[in-house]
Asker: 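Right, I'll just put the structure down here and ask away after.
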Amino acid sequence: MPKRSYNPSANEEDKVPIVEKLYRENQESDYIGGGFCEDDDEVQERREQISEMRQKRADAAFSSTKTPDNCEKCEKVLMDSWLWERYNCAVCDACRDDKGEHKLLARTEVKTTYMLKDCDLDLRKPPLRFWAKKNPHNPRYGDMKLYLKCQVEQRVIEVHGSFEELEMKKEIREQSKEVRAEKQFEKKLKDLRQQIRGNAGMRTDFGKPHTHEFGKETHVKEDTWKRTCSTCEYEEVFEKL
């Protein structure tokens, strides 16, 4: 087979194999192929508008609440308070504890850690205020709903009675998980044993119990023999004295 001759004067386009040229001609542009659309920005903008409308609708229920005169912590005049504007919590910015009782908790964490249901957060009066924020993992996901820890703990007492009751319910939940896991393990183990033994628990396509029909016995070694079912090809090894 003759080898291709090397031409140093050829340009870069001539060096490209004909197969690659045909592939490029039939390939969509990188702009479309990469998944980018011209209306992506419009969709994102519309999503932000919907999120803002939902937040305003949720905040409207608390707009008529009268602003208290003093801070609950230092009892000074309540001048600047982000907690009051966002969560109706009468604590000034100077007394705000972001790592303690005023920590913000995601809705998933609230439901998992404190065993609160959606109805406990949204329907039980008064509904808990939240702050809708873009998901830090992916802005295209749904907004995160952040709740104030001290208000969540107050709702826990209303729902469960006390934190002691909450801990008892969490222990019961963990025990139930362990019981379910153990039952699932036993069921899988039982199924595996049935498959290995090829017992009468196996059923045919007609739903009737399967009975093995063994063929001729074959000698393996010494006192060991084997026989095979002519229907399901199950092989049974046994000893014959």
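All values reported here derive from a predicted model rather than from experimental measurement.
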Asker: Can you measure from CG (L121) to NZ (K111) and round to the nearest 0.5 angstrom?
Answerer: 7.5 Å

Asker: Among L78, L83, D80, which residue satisfies the side-chain contact (heavy atoms from CB on, under 4.5 Å) criterion with C92?
Answerer: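 It is L78; the other options fail the test.
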
Asker: Under a 4.0 Å threshold between the charged nitrogen and the carboxylate oxygen, would D98 count as salt-bridged to R96?
Answerer: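 Yes, this pair counts.
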
Asker: Please determine whether the number of non-hydrogen atoms from other residues, nucleotides or ligands lying under 6.0 Å from atom CD of E222 exceeds 12.
Answerer: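 No.
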
Asker: Is any side-chain heavy atom of Q55 less than 4.5 Å from a side-chain heavy atom of W131?
Answerer: yes

Asker: Tell me every residue that passes side-chain hydrogen bond (donor to acceptor under 3.5 Å, both in side chains) with K73, counting only those two or more places apart in sequence or in another chain.
Answerer: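 K73: side-chain hydrogen bond (donor to acceptor under 3.5 Å, both in side chains) contacts with E101.
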
Asker: Are any non-hydrogen side-chain atoms of D118 and R107 less than 4.5 angstrom apart?
Answerer: yes

Asker: Indicate yes or no: at least one non-hydrogen side-chain atom of V237 is less than 4.5 angstrom from one of V220.
Answerer: no

Asker: Can you confirm whether E182 is buried at CD, in the sense that more than 12 heavy atoms of other residues, nucleotides or ligands lie under 6.0 Å from that atom?
Answerer: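 Counting other residues, nucleotides and ligands, CD of E182 stays at 12 neighbours or fewer.
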
Asker: To the nearest 0.5 Å, what is the distance between CD (E217) and CZ (F238)?
Answerer: 4.0 Å

Asker: Is the shortest side-chain N to carboxylate O distance from E186 to K183 below 4.0 Å?
Answerer: no

Asker: Flag yes if more than 12 heavy atoms outside K169 fall under 6.0 Å of its NZ atom; otherwise flag no.
Answerer: yes

Asker: In the structure I gave you, are the side-chain heavy atoms of R124 and V159 within less than 4.5 Å of one another anywhere?
Answerer: yes

Asker: Rounded at 0.5 Å granularity, tell me how far CD in E236 sits from CH2 in W225.
Answerer: 14.0 Å

Asker: With rounding to the nearest 0.5 angstrom, report the CG to CG distance, L116 to L128.
Answerer: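 These two atoms lie 8.0 Å from each other.
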
Asker: Output the distance between atom NZ (K145) and atom OG1 (T108), rounded to the nearest 0.5 Å.
Answerer: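 Result: 11.0 Å between the selected atoms.
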
Asker: Out of curiosity, does L105 fall in the hydrophobic cluster containing W82 (side-chain heavy atoms, cut-off under 4.5 Å, transitive links)?
Answerer: no

Asker: Look only at the side chain of S81 and the backbone of A90, and say whether a donor-acceptor pair between them is shorter than 3.5 Å.
Answerer: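 Checking the backbone N and O of A90 against the side chain of S81, no donor-acceptor pair under 3.5 Å is found.
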
Asker: Return the orientation label for the F130 and Y147 ring planes: parallel under 30°, perpendicular over 60°, tilted otherwise.
Answerer: tilted

Asker: Kindly determine whether K56 and M53 satisfy side chain to side chain contact (heavy atoms under 4.5 Å, CB included), including the steps that lead there.
Answerer: CA-CA 5 Å; K56 289 182 178 180; M53 291 172 57; 5.8 Å; no

Asker: Please answer: with hydrophobic residues joined when any side-chain heavy atoms are less than 4.5 Å apart, are L146 and V152 in the same cluster?
Answerer: no

Asker: Please tell me whether Y87 and V91 are part of a single hydrophobic cluster in this structure, the criterion being side-chain heavy atoms less than 4.5 Å apart.
Answerer: yes

Asker: Rounded to the nearest 0.5 Å, how far apart are CE of M115 and CZ of R173?
Answerer: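 The CZ atom of R173 is 4.5 Å from CE of M115, to the nearest 0.5 Å.
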
